[in-house]
Amino acid sequence: MPRSDPHDPSAADPSAETGRPEVDLSRLRLDTYSGEQLYRQLYRMLRAAILSGDIAEGEAIPSENQLRDQFGIARTTVRNAMSLLVSEGLVRQIRGRGTIVSHRPVSHSIWNFGSFTELARRQGQRPVTRTLEHQVRDGELHLVRARGLANGEAVTWLNVDKSWLSLELYPGIESYDFAAQSLYDVLRRDYGRHPMRSELLLTVVPPSEQLKEVFATAPDVPGYLCASGDVLDGNDRLVERTSIVYSPAVQMKFATRWGRNMAQLPTEQSAGEHR
């Protein structure tokens, strides 16, 4: 086998062949004591790196072997994390090139997503919560609540939210009455978990009998907007998995922040010259 030439820069720098700097994920750590599965932790970390632009469109994610060695995890764990990224369309697996980022990051915010109780109180309104399900299964509290605003004796139901809360992270949480208490107040006060941000996927869900009953909508409503994903604290630790279905009466507003490089795109006139 020929020996590497110490004067050849590509021998010391594995990125020299591609001309791009090697992606540095050395700061990332998996928490083996967390109640969250390791493949989901790895998926979230890689997903955050892609969405933030730390791993740019067209760049390769570190190989399966590199991720396995860095985190000391099984190959199956890496593959499960990659399959989630592929299913979301964030990466493509290309033979001979590896796993390539296929997402161009754009920052979106859903206005007023956060604690429903806190939002209603800030607006001087009285929040009302009705518990639809409160069950422990598979090591988690599965909580389903209808959330609305009271106007005298009448209640306008605005969303149905589901929460999956790890009993390992939150021992005893199943004993709380979340029709009477704010979930996020309890997580902050009693468990030291402070929700700071969310990563959500918007979809449309079919009109189940439960949703039609809560929202009192006409039978021909084709579906409801649903935001589902993870709520994280300031250290990117999982707070809860959530799914929120909104009433047709709720208006969603979005704010989009474009990167500075967008200012350098061609104007409409100059773009037309290249058609």
Can you tell me how far apart [atom1] ([X]) and [atom2] ([Y]) are? Round to the nearest 0.5 Å.
{"X": "R92", "Y": "R97", "atom1": "CZ", "atom2": "CZ", "result": "7.0 Å"}
{"X": "L84", "Y": "R40", "atom1": "CG", "atom2": "CZ", "result": "6.5 Å"}
{"X": "R145", "Y": "N159", "atom1": "CZ", "atom2": "CG", "result": "9.0 Å"}
{"X": "L90", "Y": "S102", "atom1": "CG", "atom2": "OG", "result": "6.5 Å"}
{"X": "S198", "Y": "I244", "atom1": "OG", "atom2": "CD1", "result": "7.5 Å"}
{"X": "R29", "Y": "Q70", "atom1": "CZ", "atom2": "CD", "result": "7.0 Å"}

Considering all heavy atoms, the nearest [X]-[Y] contact:
{"X": "L42", "Y": "L30", "result": "N-CD2, 3.8 Å"}
{"X": "L141", "Y": "F178", "result": "CD2-CE1, 4.2 Å"}
{"X": "D31", "Y": "Q41", "result": "N-OE1, 2.8 Å"}
{"X": "V231", "Y": "P195", "result": "CG1-CB, 3.8 Å"}
{"X": "I173", "Y": "Y191", "result": "N-OH, 3.3 Å"}
{"X": "L200", "Y": "A227", "result": "CD1-CB, 4.1 Å"}

Linking I/L/V/M/F/W/Y whenever their side-chain heavy atoms sit closer than 4.5 Å, directly or via other members, would [X] and [Y] fall into one cluster?
{"X": "Y43", "Y": "V86", "value": "yes"}
{"X": "W164", "Y": "L187", "value": "no"}
{"X": "V101", "Y": "V78", "value": "yes"}
{"X": "V186", "Y": "V136", "value": "yes"}
{"X": "I73", "Y": "Y39", "value": "yes"}

Quick one, [X] and [Y] - any side-chain contact, counting heavy atoms below 4.5 Å?
{"X": "T129", "Y": "Q181", "value": "no"}
{"X": "L85", "Y": "L46", "value": "yes"}
{"X": "Y176", "Y": "H134", "value": "no"}
{"X": "V245", "Y": "F215", "value": "yes"}
{"X": "I61", "Y": "L67", "value": "yes"}
{"X": "E64", "Y": "M82", "value": "no"}
{"X": "R75", "Y": "N65", "value": "yes"}
{"X": "P207", "Y": "Y224", "value": "yes"}

Out of L143, L183, D230, which residue meets the side chain to side chain contact (heavy atoms under 4.5 Å, CB included) rule with E240?
L183

Carboxylate-amine/guanidinium contact D161 R147, below 4.0 Å
yes

Pair R237 + D233, salt bridge at N-O below 4.0 Å
yes

With distance as the sole test, does Y170 use its side chain to make a donor-acceptor pair with the main-chain N or O of V239 at under 3.5 Å?
yes

Is it the case that the side chain of R193 and the backbone of L238 share a donor-acceptor pair, with hydrogens and angles ignored and the cut-off at 3.5 Å?
yes

Can you sort out the partners of E133 under salt bridge (charged side-chain N to carboxylate O under 4.0 Å, His left out), two or more places apart, ordered by chain and number?
none

Residues passing the salt bridge (charged side-chain N to carboxylate O under 4.0 Å, His left out) test with R47, sequence neighbours excluded, are E88, E199

Apply side-chain contact (heavy atoms from CB on, under 4.5 Å) to the pair R130 and V155, showing each step before the final yes or no.
CA-CA 11 Å; R130 171 181 155 202; V155 175; over 6 Å; no

Please evaluate residues Q37 and T77 with respect to the criterion side-chain contact (heavy atoms from CB on, under 4.5 Å), reporting the C-alpha separation (whole Å), side-chain torsions for both, the decisive distance (0.1 Å), and the verdict.
CA-CA 9 Å; Q37 294 170 303; T77 302; over 6 Å; no

